[in-house]
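For reference, positions follow the sequence shown, starting with 1. For clarity, every value in this text was computed on a predicted model and none was experimentally measured.
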Amino acid sequence: MTTLKILALAAGTAFLSSGNIPDNRSTNNTNNNLPEQKVSLIPVSSELKDNKIQVALLLDTSNSMDGLIDQAKSRLWNIVNTLTTLKYNGKAPQIEIALYEYGNDGIRDENYIRQVAPLTQDLDLISEKLFALRTNGGSEYCGTVIRDASANLNWDSNDKSMKLIYIAGNEAFNQGKINYKDVVSKAKDKNIYTNTIFCGSREEGIQTFWQNGASLGGGKYFNIDSDRKVIYIETPYDIRISECNAKLNDTYIYYGNHGSEYRLKQITQDKNAESQSASNLVERAVAKSKKNAYKNDHWDLVDKAEKDAGFIANVKESELPAELKGKSKEEIQKTITAKSAARDKIQKEIEELSKKRQTYIDGEMKKRGTDDSDDLGKAIESSIVELAKKNGYSL
């Protein structure tokens with residue numbers, strides 16, 4: 001069973017399946033006081049030739065969308081875990097996520113669009129940026145943000161990579177100068193599928209062209225109550241998974257000029273996840289146990305050594321943390337090997353616990369029966385499965 005079944009408990013789930021990203025032309029949001037992130041510090045590997053699953057989340061951050069953003073925060077790790085269940089020829093693809101915001105007057109762009117984060121494997125960055133989003137009144141130009149996301153993001157050229165845009169909002173889909181019909185059709189021609197999530201009644205979303213946008217874009221149309229709180233099912237395995245998460249953090253060894261900052265970011269995003277709910281922290285811990293999803297070779301010596309076997313032999317002492325300074329290369333390698341073995345063991349335990357947790361959640365959902373939100377959850381799961389099968393993937 002996939003973690004998407006958890007989504008059946010709340011319309012908020014629909015949201016996270018949503019998403020789109022891009023517009024390099026946009027500038028900073030004046031409502032967002034975070035310092036600028038240099039994308040070059042977190043590059044996407046150009047050497048990896050395997051399939052990817054790329055998801056761009058396009059979120060409406062106008063005044064009425066606080067509930068939508070809250071749902072996104074609550075479902076980020078759930079959607080990551082759902083994506084990690086997909087396999088291609090028995091192999092788990094690399095996961096990349098991007099984030100865009102649109103419809104916000106605080107964005108210094110004529111179309112009120114901002115690329116918050118490019119397609120990246122740095123999921124802590126996505127979480128950080130998501131939690132920093134603030135709403136403000138504006139005009140919502142869906143066609144324009146989809147155009148920017150489909151044109152400006154670093155979409156993989158592999159035809160078998162899954163490339164998905166999820167856009168969520170509550171105003172008419174046809175606003176702005178850019179014709180959404182042309183945009184979603186062109187994206188589809190590049191195997192980028194557009195899924196739409198209308199925050200309001202299903203009929204209103206149909207009348208305001210959200211369904212038509214998804215139909216032309218080869219994706220699925222959903223509607224949600226964006227003000228509805230996400231419902232979680234607590235399980236007997238949650239506490240132990242959280243304990244494993246703390247141990248997992250201890251296996252990371254930062255390096256480089258910004259390594260300590262990224263190490264702190266990891267802890268901060270744990271706290272952000274927990275601020276939504278204890279269950280959300282558990283979802284994050286499960287995501288951190290997936291090697292194809294949670295990679296930190298840009299700051300962690302264990303991941304870096306696994307990716308580049310010769311890195312330790314050439315690393316400068318100035319790039320090392322205090323506990324490794326003055327150590328021989330052999331001693332450093334021994335420490336990294338021990339941390340790697342510990343991490344593998346913890347991740348395997350989390351994986352086994354997460355399977356039992358999902359079985360428990362499935363049982364509780366069956367007891368509670370189904371409702372409209374359950375139908376929505378099934379629709380989301382169905383959309384991903386359909387696209388996966390079309391691209392030769394399996395669960």
(request) Report the C-alpha distance between E319 and K316 in whole Å, list the side-chain angles of each, state the deciding distance to 0.1 Å, and finish with yes or no for salt bridge (charged side-chain N to carboxylate O under 4.0 Å, His left out). (result) CA-CA 5 Å; E319 295 184 288; K316 297 178 181 179; over 6 Å; no
Under a 3.5 Å cutoff, is there a donor and acceptor pairing between the side chains of [X] and [Y]?
X    : Y    : value
N81  : T84  : no
E283 : N280 : no
D105 : N136 : no
N170 : S226 : no
Q276 : D70  : yes
D122 : T120 : no
N249 : K288 : yes

Quick check: are there more than 12 heavy atoms from other residues, nucleotides or ligands sitting under 6.0 Å from [atom1] of [X]?
X    : atom1 : result
K186 : NZ    : no
K325 : NZ    : yes
K291 : NZ    : yes

Any [X] side-chain heavy atom under 4.5 Å of [Y] side chain:
X    : Y    : result
D124 : R284 : yes
C142 : Y180 : no
I167 : Y102 : yes
K247 : T251 : no
Q115 : L153 : yes
K304 : H298 : no

Does the pair [X]/[Y] count as a salt bridge with the N-to-O cut at 4.0 Å?
X    : Y    : answer
E364 : K367 : yes
K91  : D50  : yes
K290 : E351 : no
R114 : E101 : yes
R263 : D300 : no
R357 : D362 : no
D156 : K163 : no
R343 : D303 : yes

Looking only at atom types and distance, does a side-chain atom of [X] sit under 3.5 Å from a main-chain N or O of [Y], one as donor and one as acceptor?
X    : Y    : answer
K329 : V315 : yes
S340 : T337 : no
K190 : S150 : yes
N292 : Q94  : no
S127 : L123 : no
Y393 : K160 : yes
N63  : G137 : yes
R134 : A132 : yes
Q54  : N154 : yes
D225 : D227 : yes

Do the side chains of [X] and [Y] join up, straight or via other hydrophobic residues, at under 4.5 Å, putting them in one cluster?
X    : Y    : value
I79  : L395 : yes
L281 : V80  : no
F209 : I206 : yes
W77  : F131 : no
Y254 : V302 : no

(message) Using the rule given for salt bridge (charged side-chain N to carboxylate O under 4.0 Å, His left out), can you reason through K52 versus E96, listing the C-alpha separation, both sets of side-chain angles and the distance that settles it, and then say yes or no?
(response) CA-CA 7 Å; K52 297 180 181 180; E96 294 176 3; 3.1 Å; yes
(message) ring pair (Phe, Tyr, Trp, His ring centres under 6.0 Å), that's the test. Do W210 and Y221 meet it? Break it down for me.
(response) CA-CA 7 Å; W210 285 78; Y221 162 65; 7.9 Å; no
(request) Using the six-membered ring wherever Trp is involved, compare the ring planes of Y252 and Y294 and label them parallel, tilted or perpendicular (cut-offs 30° and 60°). (result)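 Perpendicular.
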(request) Kindly assign one of parallel, tilted or perpendicular to the pair W299 and Y262, based on the angle between their ring planes and the thresholds 30° and 60°. (result)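 Rings of W299 and Y262: parallel, under 30°.
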(request) Go through the steps for K355 and E352 under the test salt bridge (charged side-chain N to carboxylate O under 4.0 Å, His left out), then give the verdict. (result) CA-CA 5 Å; K355 291 177 182 178; E352 290 303 314; 3.8 Å; yes
(request) Please lay out, stage by stage, how E331 and K334 fare under the test salt bridge (charged side-chain N to carboxylate O under 4.0 Å, His left out). (result) CA-CA 5 Å; E331 290 173 319; K334 184 177 180 180; over 6 Å; no
